[in-house]
Structures are given as C-alpha cells and as structure tokens.
Participant: 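Sharing a structure here in structure tokens format.
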Amino acid sequence: MSAPLLPALLGRFRWDALPFVRAWENPNANELIAAGAGALVVAGALFMVVLITRLGRWRWLWTEWLTSLDHKKIGIMYIVIALVMLARALIEANLMRLQQAVAIGNPGLVAPEHFAELFSTHGSIMIFFMAMPFLTGLINYLVPLQIGARDVAYPLLNAIGLWLTAAGAGLMMAPLVIGRFSTGGWSGYPPFTEIGFNPGVGPDYWIWAITLGSIASTLAGINIAVTIYKMRCPGMTLMRMPLFAWTSLCTAILMIFAMPPLTVATALLALDRYLDFHFFTNALGGNMMHYANLFWMFGHPEVYIVILPAFGIYSEVVSTFSSKELYGYNSLVIATMAIAVLSFTVWLHHFFTMGQSPSLNAVFGIATMAIGVPTGVKIYNWIWTMFRGEVRFTTPMCYALAFMMTFVLGGLTGIILAFPPLDYIVHNTLFLVAHFHNMLISGTLYGLLAAYTFWFPKAFGFRLDERWGKISCACWVIGFYLAFMPLYVLGAAGMARRTPAVMETAYRPWLYAAEVGALVLFCGFVALLVQLWVSLRNRAATRVFAGDPWDGRALEWSIAAPPPEYNFARLPQVDQRHWFFDAKRKGAPYAPPARYEDIQMPKNSAVAPIIGIASTAAGFALVWHMWWLAILGVLAVVATVITRSFARDTHRLIPASAVERMERTWLDAVARARPIPREMETTPANAGLAEVHP
Amino acid sequence: MKRSGEGARAVRPGAALLGLPLLLGGCEALKLGVVNHAGPVAADQWHLFLQLALVLIFVAGPVFILVPLFAWHYRLSNRDDAYRPNWGFSWPLELLIWIPPAAIVIGLGVLLWNATHRLDPYRPLASNQPPLEVQVVALDWKWLFIYPKEGIATVNRLAIPVGRPVHLSLTSGTVMQSLLIPQLAGQIYAMAGMRTHLHLAASRAGVFRGQNTQFNGKGFQNQKFDVVALPPADYRRWLGQVRAVRRPLDDKTLAAITARSIAPQPALFSSVPPGLFEHLMIASTQGQAH
C-alpha cells in the first residue's frame, strides 16, 4: 500500500495518498472526517456533471460562459469561484473551532497534522481564492460600467486570469481527494516548508496553487489599471470617477507591485524543494529572513488589496442609501492613495519579534500607525455622508453600518499591535488572529456581501430577497462578535494560534463562545443560499429591467439590468461627477441616440480554458513528480499562446439593427415602468425606475 | 415606541449569550496572561497597554456615538430635519477629520518610540546583580535550557531566582520557533544559525507558563514549559538538587533530545559539555541539506 505505484507514470503517488484508503485501513474520527471531505468533493463534482448533462447544458456552458471574453461574465464566474471556496473555508473554520472547543485536555477529533492542514487551507483559500477572486470579479464587472467603457483593455488576458485562478483553486481542492495539503500555514514559512522538514506533497500543492493565483492577480492588476487609464468614456476625468473605480485603480496598482514578490518567494521556495537550491534553508548559506521579507513585501499591501475595493463599495453604498452626495470626495481619493503608498512601508511589523534593532521596529511601528489617519478620515467621510441625508436601512447599508463600528475596533487593536512592545506579548497568539479577522470580516467580507446585494439586480435583472438578506447580515455580524471577541481575550491570556489541543481548562468558556460564533457565521452563509433560492423563485415579481432600482448615481445604473453585452449603445459623454444622477434630475436620462451603430466585441475564445486546464495539469504533475505530464502541460500552454498569436479574426460585429432592437425593448420598458419612491424600493412595485426627487 | 420595544427584545438574548462566558468564570483565563504580570518587563508592557487603551477610547468614541446617532436620526422616515442631498464638503470639517487624528498619531509615535527603546528585548535590565545567563535551544518539540556558568541544563523547565535579571540567548536546532512567557516578558524568535536575546526578571515567586508560539509541526501543542521563579535561597537549593541527580548531558542523551519527540516530563542534567549552545547553533547550519 505504501510503495510508489508505477513511478515513471504516476510519480510519487501511493495508494495511501487517497483519504478513502487511509480511512479504510485506520477508521478513526480523524481519517473519517478526511475521507468524508474527499467524498463530498467527489460527490459535488459528479452531481454537477450529471446535472449539466441531464439539463443538456454543456454546449451552452461552453459557448456562453467558459469561453466568453465578456468582462461581465468573467466577473460573475470569479464570484462563483469565490462563493464555492468560501463555503469550503467556512466549513473548515467550523471544524477548527469545534476541535479547539472539544480538545481541552485531550486530543479532540482531528489529528494535529490534519488540524495544521485545516488552518493552512483556510487561510490560503480565504485570501487567495475567496477574497481575491470575489473582489477581482466585482472590479471586472463594475469598473467598465462605471467608467463608461464597453469592455476591459485586454479581454483575453482577463479570461486567462480567471482560468489561472480556477487552476489554483483546483489545486487547492485536489489534496482533499489525492494527497495532503501543506501544514505550513497560509504564509508557508521556511524552513518548516523545506524538503528536509516537510518531504511530502503538501507544501508543493501550496506552492503551485499560490503561484498560479499570484500570476493571475498580477495579470488582473495590469488589466484593471490599463482599463481605467485608457478606456474611460469622453469627459470621464480621473476626478469624475466613482469612488469604487478609484479604489479599484489603487488596488490594481498594488497588485502590480505586490504580487511579483510573492511569485518570486514561492518560486525560490520551489527551487529549494525541487532542485536543491538553498535560498531559505538552515544550511549552506540559506536564510529564511529573506523569505519573511519577500512574503510580507507582498503580504502587507495584500491587506489593502482586499480592503480598498471594499472601501469603494462602502462609498457607493453609503452615498446611495443616505440619498446623498458622498461627503469629501477629494479627501477620500487622497486618503485612498495615501493608504496605497503607505501600505508598502510597513511590512516589517510582521516580524517585530525576530530581533531587529528597536529604532527599526519603531520606524515601522509609526508607519503602521500612520495608516490609521487616512483610514480614520474615510470613516468620518462616510459618517458625514449620512449627515442631513435620508438613510434607508437596506441590507447593504446594514453591512456598511456594521462595518464602520466593527472596523474601528479592529483599527484599535491594530494600533496595539503596531506598538512593538505590545506586539511581543500578543504576536502569534489568538489576539492577532482576532485582529486580522476583525479587519478582514468587517472590512472585506461585509463589503463583498454588501456589493453582492447592491449590484445583484444590475447583474441578473432581479432583486435579492430583503428579509433573508437581513437575516444573513445579522448572522455575519453577531457571529463575528461571538467568534472573535473571545479570541482577543484568549490571546491576551497567552493562547498561541494554530494550537490543535489546549491544556488550560480556563480557556474553555471562551472557546465555547467562539465555537457558537463560528456556527452563527455558518448560518450567515446558509442564509445567503436560502436568499438566493427564494429570490430565484420570486424573480418574476422582483424584476428591475429598467436598471436603476436604488436611485443610483454612477453610470452602471443608466443602462438595462442585466446590461447588454456591449454595455452602452452609445458611449456616454460625461460633463460632471454625477452625470447620470444629474440627468435624472434635469429630465432626459434615457434619451436614445440619434443613430445606432455597429458595435465590435471580442469573439469567444478557447485559449483561456485550455491554458487553465493545462496549467492545472502541470501544477498537479509537479506536485506528484509526474514529469511527463508537467512537461506536456507547460508545452500545451506555450503552444496555445503561440497559436493564438497567429489568429487574426478575433472580433465580431453586433449589427446596428440588433443594437437598436435591444435598446428599444429596454426603452419601452423604461417608458412603461412606474417611478418608484424610496419608501417602496424593496417592494414588488420596484421595476428599476427610481422616482426623481430633488 | 413599538419599534424600540422590539429592539430591546432582540438585544436581550444576544446580551445573555455574550455574558455567558463571564458567568462561567471566564476571567480565570486572563490570569495566565500579561494582565497577571509577575515581572518588571511584563508589568511595563501591561501599563503601556493601559495607557494606549485610554487614548484609543477617545479616538474610537466619536465613531461609536456618531454612526448609530446619524444613521438613526437621519433615517428616511424622520422628516423633521433639513435634507441637503448636494452638500458634500466643508473646510472646518476637513480640518477636524485630518488634523486631530494626525496629531494623535504623532503623539502616539513619541510614546511608541520611547516604549520600543525602553522595552527592547535586547536591553539588559537595570539591576545591581549580574544577570543570570541562560542559553535556550528550541528543538522539536521541546525547549533545552543551558546554564553555562552553573554547568547544568534542563529540558522544559526554567528555574530562575526571584529579583535577579535573566538574560536568555536563543537559537534553534530546527525550524523557526518563538519563545513567549506572557506573565514575564514578550516573545522573541529562535532561529537556526542565529542568536537572539531576551531579558526578563520575575518579581515574585511562582510557576509561569512558557511556550513556543510559532507552529512547528505535530508536537507543537505540547511544546510548553514551566518557568519556576524561586526565592534566591530556594534557587541555590534547586541548583544543588540538579547537580545531585548525577545525569550528565552526554552525546547519547543529546541525540535523544534533539530527535523529533515530545518530552513527557521535564528533565534535569547535572552537567553539560562546554560550548554546547554554540555547537548546536553551528550544527544546525552545516552538513544537513535542510
């Protein structure tokens, strides 16, 4: 059972790489949980295959979605990946909390190394395959609409980014069924992840999944930045862009500069592991401090990569649902830029405890605190946006309010951690875990969920159920406090993070509370699924085809919901920041163009899916040392790129007549729709035409 | 009125749930941490924490008050107040939201600079006694403490005299680890081939929990040790007891300790080869490919 099988063909694969075999040989709780998770993945995949076959939707899936270069569809596919990965990482979080709650003075349910796999996948997934795809998806969907563009700058590159992300996500899922994942945490610190201490396949899975994800994010960053610089509609100066477009631009710049250090760090670690280099080893001149520097040179800006778009989302949400112009637009732009720049000056605070000089630690501590100033300014901008407005407590607004209160708490604990002498006490404890969840859940996750609720009607043409949205929001908020406030206490009491079993019985009540909180958070996710189900069932009653259900301000609300493939029949001519909003007040926001024109859009392409599948195969083969498959996969990628470079016929025309037909249908619907006052925006009366009210 | 009644009802179960851990005696946990400090370093860190917390209450206070206040007062159904949809800028407000936060950060920066230098783990503690030198080697999954001047060593037990400063020199025989004794001092990493330092002292007798906080594999959760702070006379007696066990740390025992394993209980060694710490520090960077 434990000898490699056909090494030339299957590399280092052995039968006991399968969790099912391990569970059969040794049926204890730990192995049964692992086999159950593997079975769930296999069953889920089979279910999807059978379902699509039964519905006869393979061709449709391929031509309408998988090969599409439409930025809107790519954005939605990114978010689908993010939601699937969120489900997995949440289940893992619950399992970890359950383990710590039961493993007080005993080994508990899962073995220590299995627990280590859980926290490693949980962190890697939440950052690289939940937060990143979710926000990249939102940016992809929204930015071209907000800046009045028909497409992104590089549609094919965009699709390749999506497929590389999917490839990375695939490599995160694979170890559930074949092999084991890394036990080195989401940061994968050597020398623990070096071959001498960790000879298994786990760290290799981590390396290749993260490498694919980081390359995808670099590509996405380049595409977003160029799109914003080059594709804005006439009159859309930078200072007229909605705040979400601004934060997307800053995020894109951060991605371009912050992702390559990560790619380099994982590549060097791969060289150590595969070719006996010694960058980060203990012996022969290696030094893991280089890894710490490279990783956090990425890792700290990453925090702002995932949080800045959420700031943009809150700006849109707070302004729209306070029925008011955003307070201090210029301040918000300056603060966003300041955060983006400062985020590159603080990475050393991740290793205050490695013995640097106090002056160096102090400089980085002060730089870290300095980020609090622009962040605080932003919070106050949103507060003053509500001032003398008309606040509507819709689901996205509830997320925004919960965010403002909760995020401030995270900021306070962040200042505590920025003080090196205090960091010494709580570094590597649950206090730190509580702090970054405080920032990432209230900052990023609430923002993403607010955006999901806010823009869902734009993307799919019908509104989400408000009641289930509120239930879900309440669960995410209450669950967060229950799950993470106890961790602050436990951290202050000296409980180390990543502990699979607990010796101190005094920790028990707090661990129980945290476990309940994790369950409530999971209920928040279930409520989201129920909301989607209920909304799908009621969609006939909640259609908002006219496209503007919340009296929106930016350009994306000026077109049909869902938008046509070409976004804008005629590119808008913008003369001020709130062009569409102002047009609604003045009278003719929906004037048809004098003449419709042919519109050129990119043709579907199989290049991206082929690259995605080939890189998944190559990554998987590298993990298992199946060299023939690795070479084949890399060659397939190169060959696809070369072949594509000869393709000339990459565009298709949408004839003016088709554009006219689609636009007429929409304009007729707008003409028939009853303008809806703000009080009634969550009722079935809302067909997407907002009542103009000065 | 009806609405606020509903709100209160919704809040009650939540509050009860939050209060539950406290009722169950949750404060016991904090006794294991810096709150219950037992030495000058941890005490100073705790006081710094209190100072900072006091300032931060004033930083966060306005947000906690204004967010619910504005959201509720300017709700759609309240028609009492002027609605100014196009108001979006005011110089006095701008100055108010930029200058005070910047001033607070500058003030905290001064505090941070001083505290970071005062509490630098490499800085010897002021005392009229010479510090007790202890060399610490992080191993999988145990801690080896060498007392070079006393010529003894222990595994997973660090005995120190109350009132006398202790100087720890740390290295790792394997992967990166981090040593934390929350009631005595903050943590510092132990890394192969490198030497880090930590100064601490105990101001009262007692047993304090020390641990590795940097995950290093299977036995991580068991890599804990007791710091036993003894009155000077008891400490001298303890040294005598260790010497009396007549169990030298020879090559065979050392090989057993450096192998990956969990130590079921603390061990005491009556003598150590000289230069063992330096030997282990160099050994971890030579020969082996990892």
Side-chain angles (χ1 to χ4, degrees), chain A residues 112-113 185 191-192 194 196-197 281-283 323-328 331 353-355 358 361-362 365-366 369-370 372-373 376-377 379-380 383 386-392 401 404-405 408 412 419-422 424-425 427-428 492-494 496 498-501 504 506-507 509-510 513 678, chain B residues 14 21 24 26 28-30 32-34 45 48-49 52 56 60 63 66-67 70-71 74-76 82-89 94 97-98 101-102 105 108-109 112-113 115-117 119-120 175 178 182 186-189 192-193 196 211 213-216 218 221 284-286 288-290:
Chain A
E113 295 205 303
F192 185 60
E194 291 281 1
F197 296 104
T281 53
N282 283 345
S323 331
K324 241 188 104 235
E325 184 176 315
L326 197 60
Y327 173 81
S331 262
T353 48
M354 282 190 189
N361 276 354
I366 292 169
M369 278 202 300
V373 177
V377 165
I379 302 266
Y380 280 105
I383 291 177
M386 292 191 292
F387 181 69
R388 292 197 163 165
E390 292 184 339
V391 177
R392 292 116 77 193
L401 292 171
M404 285 189 243
M405 307 279 278
V408 167
L412 297 192
F419 267 66
L422 299 179
Y424 297 146
I425 285 286
H427 176 75
N428 266 343
R498 299 174 171 173
T499 304
E504 284 82 1
Y507 293 163
W510 301 100
R678 284 167 186 156
Chain B
L24 292 170
E28 277 300 301
L30 283 171
L32 299 164
V34 68
Q45 282 168 323
L48 178 64
F49 174 83
L52 187 57
L56 293 182
V63 176
L66 288 179
V67 170
F70 279 14
Y74 295 106
R75 67 193 183 277
L76 180 59
Y83 174 45
R84 297 269 177 280
N86 300 321
W87 176 79
F89 187 77
E94 280 304 288
I97 62 182
W98 279 97
V105 164
L108 288 179
L112 183 147
W113 182 272
T116 306
H117 283 84
L119 286 164
D120 177 19
V175 301
S178 188
Q187 67 200 291
I188 198 82
Y189 273 71
T196 48
Q211 59 186 326
T213 63
Q214 173 72 27
F215 184 80
N216 61 343
K218 220 171 171 174
Q221 70 280 3
S284 63
T285 66
Q286 279 182 348
Q288 318 137 0
H290 47 79

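Atoms considered below: every heavy atom in the structure, side chains included; atoms not considered: hydrogens, waters and symmetry mates. Residue numbers begin at 1 in each chain, while the letters A, B, ... track the order of the sequences.
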Participant: How far apart are the closest heavy atoms of Val63(B) and Met405(A), and which atoms are they?
Facilitator: O-SD, 4.1 Å
Participant: Could you have a look at Leu52(B), Val34(B), Leu66(B) and say which one has the most heavy-atom pairs with chain A under 4.5 angstrom?
Facilitator: Leu52(B)
Participant: Please enumerate all residues that pass salt bridge (charged side-chain N to carboxylate O under 4.0 Å, His left out) together with Glu390(A), with sequence neighbours excluded.
Facilitator: Arg678(A), Arg79(B)
Participant: Determine yes or no for a side-chain-to-main-chain donor-acceptor pair under 3.5 angstrom, with Gln221(B) supplying the side chain and Thr499(A) the backbone.
Facilitator: no
Participant: Out of Gly193(B), Ser178(B), Ala82(B), return the one with the most heavy atom pairs under 4.5 angstrom to chain A.
Facilitator: Ala82(B)
Participant: For His427(A) versus Thr213(B), what's the shortest heavy-atom pair and its separation?
Facilitator: O-OG1, 4.4 Å
Participant: Please identify each residue that fulfils ring pair (Phe, Tyr, Trp, His ring centres under 6.0 Å) with Tyr507(A), with sequence neighbours left out.
Facilitator: none
Participant: Considering only heavy atoms and a distance below 4.5 Å, find which of Val408(A), Leu326(A), Ile379(A), Asn361(A) pairs most often with chain B.
Facilitator: Val408(A)
Participant: Given heavy-atom pairs under 4.5 angstrom as the criterion, report whether the side chain, backbone, both or neither of Ile383(A) touches chain B.
Facilitator: both
Participant: Find out whether Leu30(B) and Trp510(A) are in side-chain contact, i.e. whether some heavy atom of one side chain is under 4.5 Å from a heavy atom of the other.
Facilitator: no
Participant: Which atoms form the tightest heavy-atom contact between Leu32(B) and Ala506(A), and what is the distance?
Facilitator: CD1-CB, 4.3 Å
Participant: I need the residue from Leu108(B), Leu119(B), Asn216(B), Leu76(B) with the largest number of non-hydrogen atom pairs under 4.5 Å to chain A.
Facilitator: Leu76(B)
Participant: Kindly give the heavy-atom pair with the smallest separation between Leu412(A) and Ala60(B), and that separation in Å.
Facilitator: CD1-CB, 3.7 Å
Participant: Shortest non-hydrogen contact from Gly109(B) to Ile366(A)?
Facilitator: O-CD1, 3.7 Å
Participant: Just by modelled atom types, is the Ser323(A) backbone N or O under 3.5 Å from a matching donor or acceptor in the Tyr83(B) side chain?
Facilitator: yes
Participant: How close do Ile425(A) and Pro182(B) get, counting heavy atoms only, and between which atoms?
Facilitator: CD1-O, 4.0 Å
Participant: Run the numbers on Phe419(A) and Thr116(B) for side-chain contact (heavy atoms from CB on, under 4.5 Å), then give the verdict.
Facilitator: CA-CA 7 Å; Phe419(A) 267 66; Thr116(B) 306; 5.9 Å; no
Participant: Measuring from atom CZ of Arg498(A) to atom CZ of Phe215(B), what distance do you get when rounded to the nearest 0.5 angstrom?
Facilitator: 8.0 Å
Participant: Give the intermediate values and the outcome of side-chain contact (heavy atoms from CB on, under 4.5 Å) for residues Arg388(A) and Tyr74(B).
Facilitator: CA-CA 6 Å; Arg388(A) 292 197 163 165; Tyr74(B) 295 106; 4.0 Å; yes
Participant: Using a 3.5 Å distance criterion without hydrogens, assess whether the side chain of Gln211(B) forms a donor-acceptor pair with backbone atoms of Gly494(A).
Facilitator: yes
Participant: Are a donor atom and an acceptor atom from the side chains of Glu94(B) and Tyr327(A) found within less than 3.5 Å of each other?
Facilitator: yes
